[in-house]
Amino acid sequence: MRTLHLDSLGVDQLHKLDDFYRTTQEVRVRTCAQMILLVAEQGLAVSEAAAIVRESGGTVRRWVHRYGAEGVDGLPDAPRSGNPVKAGPDYRERLVELVRRRPRALDLYFSIWNAARLADHLAEGNRSGHERG
């Protein structure tokens, strides 16, 4: 069991990392901060930290190295390229409103929403210019 060491982190660095861990809303990034805290602050071996966070040893090593190179600012992922979002804010708002309503309350024949039914109902609302119900 090989121990991976970060160059001795100062109290300020540990406080900044701990604060980041406690305040981030992104679960994935919070887990990354937890991995680093387990290795740096608790002195756990990579395999021990990996078992706690249910990740592989390679994942823990990569995040510890990334933190060592970039600090806390390197933990969140950089924006990714790709296709633009197809559903705009109005569509997403209508979708959330629809999901919160029971299909029977809209005089529909089914009791539970699924993706196809939601898509069909939203498309029908777009064709008629308004939502049923």
Side-chain angles (χ1 to χ4, degrees):
M1 187 172 350
R2 204 175 95 209
T3 304
L4 183 64
H5 292 285
L6 285 169
D7 291 334
S8 58
L9 296 181
V11 175
D12 289 341
Q13 289 173 303
L14 285 172
H15 282 303
K16 186 175 181 181
L17 184 58
D18 187 61
D19 185 54
F20 180 82
Y21 169 78
R22 293 175 187 281
T23 59
T24 188
Q25 298 296 312
E26 298 177 53
V27 174
R28 185 174 171 283
V29 176
R30 181 182 171 99
T31 302
C32 296
Q34 183 182 22
M35 291 179 216
I36 297 158
L37 285 167
L38 289 169
V39 171
E41 187 177 45
Q42 301 296 319
L44 296 183
V46 168
S47 60
E48 294 170 320
I52 291 171
V53 297
R54 296 179 183 260
E55 292 287 351
S56 70
T59 298
V60 174
R61 271 188 216 85
R62 276 192 305 278
W63 282 106
V64 169
H65 286 298
R66 185 167 167 177
Y67 175 79
E70 301 177 41
V72 171
D73 296 335
L75 296 182
D77 287 329
R80 297 175 185 221
S81 62
N83 292 334
V85 176
K86 292 181 180 179
D90 292 338
Y91 183 88
R92 287 191 301 253
E93 185 177 322
R94 285 189 6 253
L95 175 61
V96 169
E97 288 173 6
L98 187 59
V99 168
R100 289 182 176 158
R101 297 183 73 183
R102 294 176 187 259
R104 297 276 186 190
L106 300 171
D107 296 326
L108 298 171
Y109 67 93
F110 50 87
S111 300
I112 298 173
W113 290 112
N114 64 26
R117 290 173 178 166
L118 286 166
D120 289 347
H121 191 76
L122 287 167
E124 185 178 304
N126 284 340
R127 282 192 296 273
S128 66
H130 65 284
E131 299 263 351
R132 283 191 330 200

_Do Val96 and Leu106 sit in one hydrophobic cluster, given that two such residues count as connected whenever their side-chain heavy atoms are within less than 4.5 Å of each other, even indirectly?_
no
*Over all atoms of both residues, closest heavy-atom pair of Met35 and Thr59*: CE-CG2, 4.0 Å
*Over 12 non-hydrogen atoms of neighbours within 6.0 angstrom of CZ in Arg102*: no
*Could you tell me which non-hydrogen atom of Ser111 sits nearest to which non-hydrogen atom of Pro103, and how far apart they are?*
O-CD, 3.4 Å
*Identify the heavy atoms of Ala49 and Val39 that sit nearest to each other, and give their distance.*
CB-CG2, 4.0 Å
*State, with a plain yes or no, whether a side-chain heavy atom of Asp19 is found less than 4.5 Å away from one of His15.*
no
*Rounded to the nearest 0.5 Å, what separation is found between the CG atom of Leu75 and the CZ atom of Phe20?*
5.0 Å
_Rounded to the nearest 0.5 Å, what separates atom CD in Glu41 from atom CD in Gln13?_
12.5 Å
*Start with the C-alpha distance between Lys16 and Asp12, add both sets of side-chain angles, then the distance that settles side-chain contact (heavy atoms from CB on, under 4.5 Å), and finish with yes or no.*
CA-CA 6 Å; Lys16 186 175 181 181; Asp12 289 341; over 6 Å; no
*Can you tell me how far the CD1 atom of Ile52 sits from the CG atom of Leu38, to the nearest 0.5 Å?*
5.0 Å
*What distance separates Ile112 CD1 from Arg104 CZ, expressed to the nearest 0.5 Å?*
10.0 Å
_Residue pairs, two or more places apart or on separate chains, that pass ring-ring contact (aromatic ring centres under 6.0 Å, His included) and touch residues 99-118_ = Phe110-Trp113, Trp113-His121
_Contacts of Arg66 that satisfy side-chain hydrogen bond (donor to acceptor under 3.5 Å, both in side chains) - sequence neighbours left out_ = none
*Sort and list the pairs that fulfil salt bridge (charged side-chain N to carboxylate O under 4.0 Å, His left out) and have at least one residue in residues 21-37, not counting sequence neighbours.*
Asp18-Arg22, Arg28-Asp77
*Atom OG1 of Thr31 and atom CD1 of Ile36: how far apart are they, to the nearest 0.5 Å?*
11.0 Å
*Supply the atom-to-atom distance Leu37 CG to Leu17 CG, rounded to the nearest 0.5 angstrom.*
4.0 Å
